[in-house]
Structure formats: structure tokens, C-alpha cells
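Notes follow the structure.
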Amino acid sequence: MQVKNETAPRPELAQAFFSHADHGPMVMVNMLKFKDKATYPDGRDPDLSGRDAYNRYGAGVVACLEKVGGRVVYSGPVSGILLGDVEEMWDAVALAYYPSPQAMLQMVALPEYQAIEIHRYAGLAGQLNIRTKAPQ
């Protein structure tokens, strides 16, 4: 199995993801890998860790999720692996509930989300996003 972390979805994958026939509730599994140091386009906070930059994003995304009927289910550091093998371990995992894929699209269109997204890109080296079906 090949694993490739990315920071933004490829257009063809995003189109397939959001046009999927199942538009019900979902929990997104976010496997997160942070940069050692945050990299802001304007050069601010050069000593800030990638994890701390991402935490700024995480603090703001809670309110954005709530505006679209979502919520953080769990967020925490990865501390080990019991089964399987990966070349490089992720740093953290976050589970986010959305009432539908459309709610996720609504969230990323919010002005307040767009204002905090800079922290996500500054701190994130890459991630996997996995959609799971949530109970209705």
C-alpha cells in the first residue's frame, strides 16, 4: 500500500468526493503530519512550530464546524502503532463530524474559515482525509 500525504485535494478527487451518491452524515478521519517549523507566506512567526500553527487553525475551525452543524469528535497526538507499518508516522489524528459533504463545502466557504486556513497551510506538511459513514 502506498501512502501519500497532501495538503489540498486534487480537483478530480474533490469532484468525485462531493458528487458521491451518499450525501448523508460523515466523519472525516484526518491523519496529520506537521512541518517542523511553520511557514507563513509573509514570513511571520519563524520560530513557531508547525504543530502550533495548526493548533491556531484547529482552535478556529471548531466554531466553523458548529456553524454548519458539525463538531470535532476527537483530536489528539499519535503515540504509537500496533498493527501495520508505515515509513513515517503521522503526528496527530482528528475526527470531524459533518451532517453531509455539502456541509463541509459550506464550511470551507465561510469567510471566518478562509481567514484561519492560512494557519493550516503554515503548519501542515501533509495529511490523509478519509470519509467514513456516520450513523444517522
Side-chain angles (χ1 to χ4, degrees):
M1 174 186 305
Q2 181 182 4
V3 177
K4 181 179 178 184
N5 290 319
E6 296 178 319
T7 57
R10 288 172 271 150
E12 67 276 9
L13 292 179
Q15 182 178 2
F17 182 92
F18 289 109
S19 65
H20 190 269
D22 181 9
H23 297 292
M26 63 184 193
V27 173
M28 292 298 295
V29 178
N30 299 273
M31 303 297 296
L32 307 166
K33 185 69 181 165
F34 303 121
K35 297 174 184 173
D36 290 331
K37 293 287 182 182
T39 54
Y40 286 96
D42 61 6
R44 75 176 104 159
D45 297 327
D47 295 326
L48 188 69
S49 73
R51 181 184 298 270
D52 287 340
Y54 190 87
N55 285 343
R56 290 176 176 176
Y57 164 80
V61 83
V62 171
C64 294
L65 277 164
E66 289 174 355
K67 282 192 170 196
V68 298
R71 68 182 181 282
V72 174
V73 176
Y74 171 80
S75 179
V78 171
S79 61
I81 190 167
L82 175 65
L83 187 62
D85 188 26
V86 294
E87 289 182 25
E88 190 173 0
M89 187 64 70
W90 292 275
D91 297 313
V93 63
L95 306 176
Y97 168 84
Y98 295 89
S100 68
Q102 291 69 34
M104 185 180 193
L105 282 175
Q106 291 169 353
M107 184 190 76
V108 300
L110 293 170
E112 51 270 54
Y113 179 85
Q114 292 175 10
I116 62 169
E117 196 172 28
I118 191 169
H119 304 300
R120 180 182 174 277
Y121 286 111
L124 198 59
Q127 75 181 90
L128 294 178
N129 283 130
I130 303 165
R131 176 177 52 200
T132 67
K133 268 186 143 173
Q136 294 199 19

What are the two closest heavy atoms between [X] and [Y], and how far apart are they?
| X | Y | result |
| --- | --- | --- |
| Tyr113 | Arg120 | OH-CD, 4.1 Å |
| Ala53 | Ala38 | CB-CB, 3.7 Å |
| Ile116 | Val61 | CD1-N, 3.4 Å |
| Lys37 | Asp47 | NZ-O, 3.2 Å |
| Arg51 | Ala92 | NH1-CB, 4.4 Å |
| Asp91 | Phe34 | OD2-N, 2.7 Å |

I need the [X] [atom1] to [Y] [atom2] distance, nearest 0.5 Å.
| X | Y | atom1 | atom2 | value |
| --- | --- | --- | --- | --- |
| Gln106 | Tyr98 | CD | OH | 11.5 Å |
| Leu32 | Tyr57 | CG | OH | 9.0 Å |
| Lys35 | Thr7 | NZ | OG1 | 7.5 Å |
| Leu48 | Thr39 | CG | OG1 | 10.5 Å |

Anything under 3.5 Å between a donor and an acceptor, one on a side chain of residues 62-82, the other on a protein residue two or more places apart or in another chain? List them.
{"from": "Lys67", "atom 1": "NZ", "to": "Glu112", "atom 2": "OE2", "distance (Å)": "2.3"}

inquiry  = The criterion is side chain to side chain contact (heavy atoms under 4.5 Å, CB included); which residues satisfy it with Ser100, sequence neighbours excluded?
reply    = Gln102, Ala103
query = What residues form a side chain to side chain contact (heavy atoms under 4.5 Å, CB included) with Asp42, not counting sequence neighbours?
reply = Tyr40, Arg44
request  = Decide side chain to side chain contact (heavy atoms under 4.5 Å, CB included) for Glu117 and Val108; before the verdict, give the C-alpha distance in whole Å, the side-chain angles of both, and the deciding distance to 0.1 Å.
outcome  = CA-CA 9 Å; Glu117 196 172 28; Val108 300; 5.7 Å; no
request  = Taking the side chain as every heavy atom from C-beta outward, state whether Arg131 and Met28 have any pair of such atoms under 4.5 Å apart.
outcome  = yes
key: Student check: side-chain heavy atoms of Trp90 and Leu128 closer than 4.5 Å   = yes
query = Should Asp45 and Arg56 be marked as a side chain to side chain contact (heavy atoms under 4.5 Å, CB included) after you check the CA-CA gap, both sets of side-chain angles, and the distance that decides it?
reply = CA-CA 12 Å; Asp45 297 327; Arg56 290 176 176 176; 2.7 Å; yes
message = Are Tyr97 and Met31 connected into the same hydrophobic cluster when the rule is that any two of I, L, V, M, F, W, Y join if their side-chain heavy atoms are below 4.5 Å apart?
response = yes
